[in-house]
Participant: 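Here you go, one structure.
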Number of protein chains: 2
Amino acid sequence: MRIYNFEDTTAEVNTDEMFMREALRLAQKAFEEDEVPIGAIIVAQNKIIGRGYNLTERLNDVTAHAEMQAFTAAANFLGGKYLKDCTLYVTVEPCVMCAGASYWTQVSRIVYGAKDEKRGYTTVAPHAMHPKTQIFGGILEEECGALMRSFFRAKR
Amino acid sequence: MRIYNFEDTTAEVNTDEMFMREALRLAQKAFEEDEVPIGAIIVAQNKIIGRGYNLTERLNDVTAHAEMQAFTAAANFLGGKYLKDCTLYVTVEPCVMCAGASYWTQVSRIVYGAKDEKRGYTTVAPHAMHPKTQIFGGILEEECGALMRSFFRAKR
């Protein structure tokens with residue numbers, strides 16, 4: 001039983017890493033477009049149904065975060081506005097706005113990479129998420145964080 | 001001096017009521033389209049530069065709140081993504097998502113109508129707003145709240 005659980009957990013971690021790599025690829029795209037490098041995808045039944053990366057500069061719109069675009073894309077794909085059986089993968093811990101949006105989508109699960117100590121929802125608004133949403137941080141944390149650090153280092 | 005201040009305050013309240021009436025007109029539009037009846041406008045130098053009303057049903061998108069659309073419209077109008085010298089008028093207290101978006105816009109002032117005891121940001125995430133944003137609630141509270149109550153009564 002113990003081994004079974006262990007294998008099961010490993011499989012899930014690998015799937016999470018695989019999907020987080022896709023979110024990272026989108027974050028890299030943001031980086032190349034001189035946007036704060038954050039990427040996000042929505043997964044349902046192991047299929048990617050929504051993608052987004054930060055476009056606040058290009059769209060001249062502070063609401064154009066990676067998660068917001070991924071939510072809208074996934075809802076369009078599903079033809080329904082709730083994401084109850086979906087997972088959001090995002091390279092950086094969601095901000096308050098995106099946590100508040102997650103609440104409305106009722107997304108089942110959120111997996112994020114690097115922590116955002118300053119503007120992450122856990123610091124500013126720890127009760128922002130839906131109580132039924134399961135949240136896991138730290139997947140590919142080092143890579144997700146390194147991309148952010150390298151972006152802001154270049155800006156200084 | 002006292003009289004001058006008094007007159008000044010009255011004038012501001014009247015301006016706030018005037019703009020809130022426009023937000024209410026948009027909320028009424030939402031009501032007629034069978035959307036949760038919330039309306040919002042952004043005002044800069046006494047001019048309306050952005051409008052929005054709740055379209056979550058029509059757009060099939062939980063992020064399509066009145067405030068989010070007004071923010072995007074105002075940023076488009078200004079050609080800049082910050083709303084530092086602007087006021088947001090919204091018929092109902094912003095939710096956590098919209099409060100988080102307000103933070104990013106750095107909007108100077110928020111005037112809302114009715115309180116949202118359940119999902120308003122003051123209940124769920126009191127630190128979500130930008131510390132420099134001045135916030136006033138209760139303008140045309142009765143009318144803004146009555147529209148909401150009448151919508152949800154009809155839904156039951």
Side-chain angles (χ1 to χ4, degrees), chain A residues 35-36 40 42 50 52 54-84 86 88 93-107 116 118-131 133, chain B residues 35-36 40 42 50 52 54-84 86 88 93-107 116 118-131 133:
Chain A
E35 298 276 358
V36 174
I42 309 284
N54 188 48
L55 283 175
T56 50
E57 295 304 320
R58 198 212 295 176
L59 298 182
N60 192 31
D61 186 344
V62 293
T63 73
H65 283 194
E67 299 95 312
M68 303 297 273
Q69 292 176 74
F71 286 148
T72 301
N76 278 343
F77 177 89
L78 291 174
K81 64 186 191 297
Y82 299 114
L83 306 176
K84 277 183 190 169
C86 301
L88 161 69
E93 181 190 352
C95 73
V96 178
M97 172 180 72
C98 295
S102 303
Y103 176 93
W104 294 121
T105 65
Q106 301 180 27
V107 67
D116 179 352
K118 218 173 141 193
R119 296 306 313 165
Y121 82 96
T122 48
T123 307
V124 188
H127 305 297
M129 294 286 189
H130 199 283
T133 302
Chain B
E35 299 276 358
V36 174
I42 309 285
N54 188 48
L55 282 175
T56 51
E57 295 305 318
R58 198 212 295 177
L59 298 182
N60 192 31
D61 186 344
V62 294
T63 73
H65 283 194
E67 299 94 314
M68 302 298 271
Q69 292 175 73
F71 286 147
T72 301
N76 278 344
F77 177 89
L78 292 174
K81 63 187 193 295
Y82 299 114
L83 306 175
K84 277 181 189 169
C86 301
L88 161 70
E93 181 190 352
C95 74
V96 178
M97 172 180 72
C98 294
S102 302
Y103 176 92
W104 293 121
T105 65
Q106 300 179 28
V107 67
D116 179 353
K118 218 173 141 192
R119 297 305 312 166
Y121 82 96
T122 48
T123 308
V124 188
H127 305 297
M129 292 286 188
H130 199 283
T133 302

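Within every chain, numbering begins at 1; the chains are lettered A, B, ... in the order of the sequence lines, protein sequences first and strands thereafter.
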Participant: Please flag which part of B:Ala99 lies under 4.5 Å from any non-hydrogen atom of chain A: side chain, backbone, both or neither.
Facilitator: neither
Participant: Of all of A:His65, A:Met68, A:Met97, which one pairs up most often with chain B through heavy atoms under 4.5 Å apart?
Facilitator: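 It is A:Met97.
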Participant: Heavy-atom cut-off 4.5 Å, strictly under: side chain, backbone, both or neither for B:Tyr103 against chain A?
Facilitator: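 Side chain only.
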Participant: Exactly one of B:Leu59, B:Asp61, B:Thr63, B:Asn60 should register a side-chain contact (heavy atoms from CB on, under 4.5 Å) with A:Lys81. Which one does?
Facilitator: B:Asn60
Participant: For the pair A:Trp104 and B:Cys95, evaluate side chain to side chain contact (heavy atoms under 4.5 Å, CB included) and give the outcome as yes or no after the intermediate values.
Facilitator: CA-CA 10 Å; A:Trp104 294 121; B:Cys95 74; 3.4 Å; yes
Participant: A:Asn76, A:Leu78, A:Val124: which one forms the most heavy-atom pairs within less than 4.5 Å of chain B?
Facilitator: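 Counting heavy-atom pairs under 4.5 Å, the top option is A:Val124.
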Participant: Can you name the nearest heavy-atom pair linking A:Ala128 to B:Val96, along with the distance?
Facilitator: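 Heavy-atom minimum between the residues: CB-CG1, 3.8 Å.
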Participant: Determine the option with the most heavy-atom pairs under 4.5 angstrom with chain A, choosing from B:Ala64, B:Ala125, B:Ala101.
Facilitator: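 Most pairs with chain A among the choices: B:Ala101.
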Participant: So which residue, A:Ala75, A:Ala74, A:Gly79, ends up with the most heavy-atom pairs under 4.5 Å with chain B?
Facilitator: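 Of A:Ala75, A:Ala74, A:Gly79, A:Gly79 has the most heavy-atom pairs under 4.5 Å with chain B.
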